[in-house]
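These notes are about the structure you will find just below.
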Amino acid sequence: MAPDIAALDKPLGLRCPHLGADNLCTVYERRPQVCRDYQPDAVCRLIEAPTLEERVHKYLALFELTAEADDVRQRGCYSMRHARRG
C-alpha cells in the first residue's frame with residue numbers, strides 16, 4: 001500500500017489496486033515506471049513493521065497524514081483525482 005502514488009491514481013492510505021491477497025504485486029512484470037524506479041530509503045527503515053497495515057499507519061503518522069487518509073477512506077474515494085475534487 002503506497003501512501004499516495006499519482007501514477008496509479010491511488011488515494012492516500014488506500015491499498016494499491018495491484019496488490020494481491022499475499023501483498024505482492026500482481027502486475028510486477030508490467031508495473032508502472034514509478035514502481036520500477038522506487039528505491040527504499042530512510043523512511044522505509046523508520047516505518048518497518050510486521051504487517052502492511054502497521055507500516056501504513058506508521059507512515060501516515062510520520063507525515064501527519066492520518067486524518068487526511070481517514071477522510072479519504074470515509075468518503076469512499078476510489079481515485080486520487082476524485083479525492084482531490086472533494
Side-chain angles (χ1 to χ4, degrees):
M1 180 175 318
D4 189 349
I5 300 178
L8 298 178
D9 192 29
K10 189 192 81 56
L12 180 68
L14 295 185
R15 183 177 178 81
C16 175
H18 302 297
L19 282 182
D22 57 2
N23 290 324
L24 296 176
C25 182
T26 60
V27 296
Y28 186 80
E29 293 303 319
R30 59 185 196 287
R31 66 195 183 280
Q33 194 62 47
V34 67
C35 298
R36 292 176 184 277
D37 293 343
Y38 176 76
Q39 294 293 315
D41 58 15
V43 171
C44 292
R45 287 185 289 284
L46 287 173
I47 65 168
E48 282 182 308
T51 68
L52 180 61
E53 288 76 19
E54 289 173 278
R55 287 192 302 271
V56 170
H57 174 76
K58 288 173 82 172
Y59 179 94
L60 294 172
L62 179 66
F63 292 102
E64 300 179 356
L65 295 169
T66 303
E68 183 179 341
D70 289 345
D71 181 57
V72 168
R73 279 190 224 103
Q74 288 174 0
R75 287 188 287 145
C77 294
Y78 55 88
S79 77
M80 196 165 88
R81 283 184 287 256
H82 184 262
R84 291 196 172 148
R85 278 187 292 209

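Just the heavy atoms: all of them, side chains too, but no hydrogens, waters or symmetry mates, feed the values below.
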Provide the closest heavy-atom pair for Glu48 versus Lys58 in the form atom of the first, atom of the second, distance.
O-NZ, 2.7 Å
Over all heavy atoms of both residues, which pair between Glu54 and Ala49 is shortest? Give the atoms and the distance, please.
CB-CB, 3.5 Å
Between the side chain of Arg36 and the main-chain N/O of Gln33, is any donor-acceptor distance below 3.5 Å?
no
Can you give each donor-acceptor pair under 3.5 Å made by side-chain atoms of residues 16-25, sequence neighbours left out, with the distance rounded to 0.1 Å?
unit_1	atom_1	unit_2	atom_2	d
Asp22	OD1	Leu24	N	3.0
Asn23	OD1	Arg15	NH1	3.0
Asn23	OD1	Arg15	NH2	3.0

If you group Ile, Leu, Val, Met, Phe, Trp and Tyr by side-chain heavy-atom gaps below 4.5 Å, do Val27 and Tyr38 land in one group?
no
Which pair of heavy atoms, one from Asp70 and one from Arg73, lies closest together, and at what distance?
OD1-NH1, 2.7 Å
Using the rule that two of Ile, Leu, Val, Met, Phe, Trp, Tyr join whenever any of their side-chain heavy atoms come within less than 4.5 Å, decide whether Leu60 and Leu46 are in one cluster.
yes
